[in-house]
Amino acid sequence: MNMSMVKVMLPGEQVQVPQDSTLAQVAEQLAPGAVAARLNGELVDLTHPLDQDAKVEFITVASPEGLEILRHSTAHVMAQAVRRLFPGARLAIGPAIENGFYYDFDVPEPFSPDDLTRIEEEMEGIIKADLPFKRQELDKGKALGLFAGEEYKEELIEELPDESVTIYSQGEFVDLCRGPHLPGTGHIKAFKLVNVAGAYWRGDSSRPMLQRIYGVAFPTQEELAEHLYMLEEAAKRDHRRLGRELDLFSIHEEGPGFPFFHPKGMVLRNLLEDFWREEHAKRGYKEIQTPIILSEQLWRQSGHWDHYQENMYFTKIDDAAYAIKPMNCPGAMLVYKERLHSYREFPLRLAEMGLVHRHELSGVLHGLMRVRCFTQDDAHIFMLPSQIKDEIMGIIDLVDYIYRQVFGFEYRVELSTRPENSMGSDEVWERATTALQEALKSRQMEFTVNEGDGAFYGPKIDFHLRDCLGRTWQCGTIQLDFLMPERFDLVYVGEDGERHRPVMIHRVVLGSIERFIGILIEHYAGAFPLWLAPVQVRLLAVGERHSEYVLGLEKKLSGCGIRVESDVRSEKVGYKIRDAQMQQVPYMIVVGDKEVESGMLSVRHRRQGDLGVMSVDEFVQRVEKESRSKQGD
RNA sequence: GCCGGCGUAGCUCAAUCGGCAGAGCAACCGCCUUGUAAGCGGUAGGUUGCGGGUUCAAAUCCCGCCGCUGGCUCCA
């Protein structure tokens with residue numbers, strides 16, 4: 001018998017196999033750890049047959065794609081377990097996510113933590129049975145029949161563009177799925193269900209709330225354990241915890257979402273603001289300040305009344321209606337309108353550290369990261385249409401300078417386009433969005449597009465930073481606005497002597513001072529670089545007889561502009577060092593008989609330990625140099 | 001706002017089945033006079049988030065509210 005062969009091109013080698021062999025058969029010989037494959041560029045299951053010559057790359061769970069498959073398959077196993085334990089549960093969607101997966105279920109009763117344990121046990125059984133994942137293609141009509149009564153699956157099937165859909169099954173469990181999947185459930189080695197949460201179907205709060213179970217999954221138990229350990233470590237960096245331990249800020253039941261800054265938090269905050277002012281002055285910004293409470297009429301004119309009312313607080317003064325500002329722009333408009341402007345003044349950059357109040361839903365408040373009042377490092381820039389691109393590029397440079405060069409943050413950029421409830425014509429939106437896009441492209445920034453997430457008055461570029469758990473928070477934003485100038489009838493006198501309409505940019509760099517401080521706390525795990533450290537030096541008296549000398553030294557150092565405090569408590573030196581270490585004080589100076597006699601300083605660094613002896617001048621210079629560098633440990 | 005979990009001393013956490021609210025750290029007082037990550041002893045600290053209910057008896061069980069928290073939605 002003449003068996004026909006096909007050529008399989010693998011990275012670095014080429015083999016011939018009988019036609020209609022499966023990829024699994026090839027993998028058995030050549031890639032024992034494979035769980036899936038890339039066949040002519042497309043991800044497929046190992047059960048896929050080879051009917052013609054093909055380029056093949058095998059995938060293991062060590063690769064990002066393999067890991068995603070592992071997690072996705074684990075989600076299916078979880079759904080199977082849930083179905084066994086809760087036969088009435090209807091399935092929604094169950095994708096792989098960072099570190100794991102989730103699956104949404106419609107169940108009459110929410111899952112309890114005990115249920116999670118039972119589900120985990122059921123999953124173990126399914127894994128032990130090593131059920132193969134089977135793929136099947138069928139037309140939509142048949143699929144709808146198969147999933148009859150599964151309203152979420154029906155909705156998904158109806159929306160799929162192709163006439164045929166694929167389903168996967170393992171054992172008795174069948175699910176609509178594009179795949180690919182692991183060869184069998186036995187390939188799952190390490191997973192854990194971590195929590196349950198309510199989640200609206202398709203993220204729409206007007207639709208039913210489903211129960212979402214989150215899990216994590218890794219190729220090995222070791223990696224899973226490592227991940228769980230990392231989470232524990234991350235919790236130690238949580239700004240809410242460090243804010244209390246380092247006495248930076250507090251939030252009270254009497255003011256949910258309204259943070260209180262303590263003396264040390266204020267030092268940090270003021271230093272950050274000083275830095276901000278310096279950098280903005282260098283770049284031609286003028287600073288203004290506008291009131292927190294302004295007439296409701298103004299907010300009607302700006303469009304906030306129609307588009308932002310739900311987030312605003314209102315009040316009355318002498319029976320007249322006022323609103324507490326949720327944004328700074330209308331105030332800046334009034335400043336602009338104070339007098340007539342010439343094109344020669346442009347771009348006119350009016351900055352404002354503006355305290356805004358917004359009614360955020362109670363369920364979203366989170367330490368300093370999401371609050372109900374915060375200070376925006378705002379600026380409104382008025383300019384000619386021809387200046388848009390340069391101006392936006394200048395702001396991108398400033399953001400990059402502060403985020404990356406000064407603080408060493410990794411950040412993500414998003415372009416947000418027109419939302420549903422917005423003002424203005426399509427044409428204006430189109431123009432503004434294109435301008436932002438072009439600025440990003442000429443700066444060669446990588447960015448993702450966030451459809452429908454713009455402000456109600458214009459599209460925006462957002463800069464996102466990560467917290468200790470990898471959650472991202474929007475910080476900087478650049479918003480282009482053709483509408484507000486229209487609404488407030490802003491004009492400038494052009495070269496031609498005629499009046500024209502200026503273009504405006506709203507922008508923040510840090511975003512919210514509060515949120516940015518939250519990010520800083522987590523980024524440095526409380527060990528702020530010297531220039532930001534609320535206390536830079538702590539003097540530790542060895543015995544009580546050294547107190548007086550220590551206090552004199554404190555005066556001397558603080559006279560040199562160093563933030564210093566003294567510990568003259570009746571405690572051992574080891575105790576004082578431990579205390580200063582835990583407070584993340586960068587420098588400790590031990591003062592005993594030797595130092596009093598010699599006039600030298602015994603310096604300890606919070607990371608490098610004992611630095612030995614140096615003179616006061618030497619130490620002051622060291623501190624000044626390190627502060628100027630803005631470098632961390 | 002919605003779904004789940006949680007709320008005990010300033011902080012971290014105990015308190016068996018519903019049976020006298022407890023420990024460590026911090027604070028305060030005293031002893032020690034201290035040399036590079038926690039010296040010793042003592043004192044004080046609580047309407048168990050708030051309000052109802054069940055019970056002979058509630059931190060514990062039930063209901064409502066407040067707050068925190070993980071998500072969803074929303075957003076700097």
Side-chain angles (χ1 to χ4, degrees), chain A residues 102 104 107 109-113 115-116 194-214 238 240-241 244-245 247 250-257 308 310-311 326-327 354 356 358-378 416 419 453 455 460 462-465 469 471 473-477 479 506 508-516 518-519 540-546 569-582 588-595 602-606 609-612:
Chain A
Y102 68 78
D104 287 345
V107 280
E109 291 287 317
F111 297 111
S112 70
D115 291 336
L116 287 198
V194 288
N195 56 42
V196 220
Y200 298 109
W201 170 235
R202 306 218 134 166
D204 183 342
S205 56
S206 68
R207 307 199 66 180
M209 177 161 277
L210 309 171
Q211 294 300 315
R212 174 173 299 177
I213 302 179
Y214 283 92
D238 191 310
R240 293 166 297 186
R241 172 178 175 156
R244 187 179 57 242
E245 288 175 357
D247 200 14
S250 56
I251 302 179
H252 304 256
E253 204 169 313
E254 289 83 350
Y308 210 71
E310 284 182 2
N311 286 291
M327 295 188 194
V356 298
R358 296 183 183 176
H359 177 73
E360 297 295 340
L361 295 177
S362 59
V364 307
L365 301 179
H366 182 91
L368 291 181
M369 301 297 197
R370 188 173 284 103
V371 290
R372 283 180 172 154
C373 77
F374 56 100
T375 308
Q376 291 186 304
D377 64 316
D378 218 341
S416 294
D453 214 30
K460 54 182 189 167
D462 295 327
F463 299 87
H464 297 251
L465 294 172
L469 288 175
R471 294 178 289 208
W473 300 91
Q474 187 187 313
C475 290
T477 175
Q479 313 180 346
H506 312 240
V508 289
V509 176
L510 309 180
S512 130
I513 301 299
E514 290 77 2
R515 179 178 285 182
F516 200 80
I519 299 271
L540 314 179
V542 172
E544 241 161 72
R545 65 175 176 278
H546 310 113
R569 290 177 295 180
S570 166
E571 294 287 353
K572 307 279 185 284
V573 171
Y575 179 91
K576 296 183 182 184
I577 286 177
R578 179 180 158 82
D579 192 58
Q581 285 284 153
M582 304 227 296
M588 287 149 269
I589 295 177
V590 177
V591 181
D593 289 338
K594 282 181 276 180
E595 290 72 23
S602 291
V603 181
R604 179 189 164 95
H605 184 269
R606 67 181 167 200
D610 195 345
L611 299 181

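Because the structure is a prediction, the values reported are computed rather than measured. Throughout, protein chains are lettered first and strands after them, A, B, ... in sequence-line order, and every chain is numbered starting at 1. No hydrogens, no waters, no symmetry mates; every other heavy atom, side chains included, goes into these values.
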Pick base, sugar-phosphate or nothing for [X], based on heavy-atom distances below 4.0 Å to the nucleic acid.
X: A:N195; answer: sugar-phosphate
X: A:G363; answer: base
X: A:G511; answer: sugar-phosphate
X: A:E360; answer: base
X: A:G203; answer: sugar-phosphate
X: A:V573; answer: sugar-phosphate
X: A:S112; answer: nothing
X: A:R569; answer: sugar-phosphate
X: A:K594; answer: base
X: A:R545; answer: sugar-phosphate
X: A:E310; answer: nothing
X: A:L210; answer: nothing

Distance between the P atoms of B:rG22 and B:rU43, in whole angstroms? 14 Å
Nearest-Å distance once atom P is located in both B:rC29 and B:rU48: 29 Å
[X] side chain near [Y] side chain, heavy-atom distance below 4.5 Å:
X: A:C475; Y: A:F463; answer: no
X: A:E571; Y: A:D579; answer: no
X: A:R372; Y: A:S362; answer: yes
X: A:F374; Y: A:I513; answer: no

side-chain contact (heavy atoms from CB on, under 4.5 Å) filter on A:A580, not counting sequence neighbours, yields A:R538, A:V585, A:M588
Rounded interatomic separation in angstrom, taking [atom1] from [X] and [atom2] from [N]:
X: A:D462; N: B:rC75; atom1: CG; atom2: P; result: 11 Å
X: A:L365; N: B:rU69; atom1: CG; atom2: P; result: 8 Å
X: A:Q211; N: B:rG71; atom1: CD; atom2: P; result: 15 Å
X: A:D104; N: B:rG70; atom1: CG; atom2: C1'; result: 15 Å
X: A:E571; N: B:rC25; atom1: CD; atom2: C1'; result: 13 Å
X: A:R372; N: B:rC75; atom1: CZ; atom2: P; result: 16 Å

Using a cut-off of strictly less than 4.0 Å, decide whether [X] has a side-chain nitrogen or oxygen near OP1 or OP2 of [N].
X: A:R207; N: B:rC72; result: no
X: A:K460; N: B:rA76; result: yes
X: A:R515; N: B:rC75; result: no
X: A:R240; N: B:rU69; result: yes
X: A:R212; N: B:rG70; result: no
X: A:Q581; N: B:rA37; result: no
X: A:R370; N: B:rU69; result: no
X: A:S205; N: B:rC2; result: no

Quick check for you: among [options], whose closest atom lies nearest to any side-chain atom of [X]?
X: A:V371; options: B:rC32, B:rA76, B:rA38; answer: B:rA76
X: A:H366; options: B:rU73, B:rG70, B:rC32; answer: B:rG70
X: A:A197; options: B:rG70, B:rC72, B:rA37; answer: B:rG70
X: A:S512; options: B:rG4, B:rA76, B:rG70; answer: B:rA76
X: A:F374; options: B:rA76, B:rU36, B:rU34; answer: B:rA76
X: A:D593; options: B:rU34, B:rA37, B:rG35; answer: B:rG35
X: A:M582; options: B:rG67, B:rG71, B:rA37; answer: B:rA37
X: A:L361; options: B:rG67, B:rG39, B:rG1; answer: B:rG1
X: A:V364; options: B:rC2, B:rU34, B:rC74; answer: B:rC74
X: A:E544; options: B:rA37, B:rU33, B:rC3; answer: B:rU33

Distance in Å, A:N311 CG paired with A:H359 NE2, rounded so as to fall on 0.5 Å steps: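 That separation rounds to 7.5 Å.
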Donor-acceptor pair present, [X] side chain and [N] base, under 3.5 Å:
X: A:Y214; N: B:rG4; value: no
X: A:R606; N: B:rA37; value: no
X: A:E595; N: B:rG35; value: yes

Residue mapping more 5' on RNA chain B - nearest nucleotide basis, A:E253 or A:V542: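 So the residue in question is A:V542.
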When you match A:D238 and A:V590 each to their closest nucleotide on RNA chain B, which lands nearer the 5' end? A:V590
Just jot down the salt bridge (Lys or Arg N to Asp or Glu O under 4.0 Å) partners of A:R212, sequence neighbours excluded, or say none.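 A:D104.
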Check whether the aromatic ring of A:Y575 stacks on the base of B:rA37, taking stacking as ring centres less than 5.5 Å apart and planes within 30° of each other. no
Do A:R240 and A:D238 meet the salt-bridge criterion of a basic N to acidic O distance under 4.0 Å? yes
Would you write the dot-bracket representation of RNA chain B, where each base gets (, ), [, ], | or . depending on whether it forms a Watson-Crick or G-U pair under 3.5 Å and with which partner? (((((((..((((.....[..)))).(((((.......))))).....(((((..]....))))))))))))....
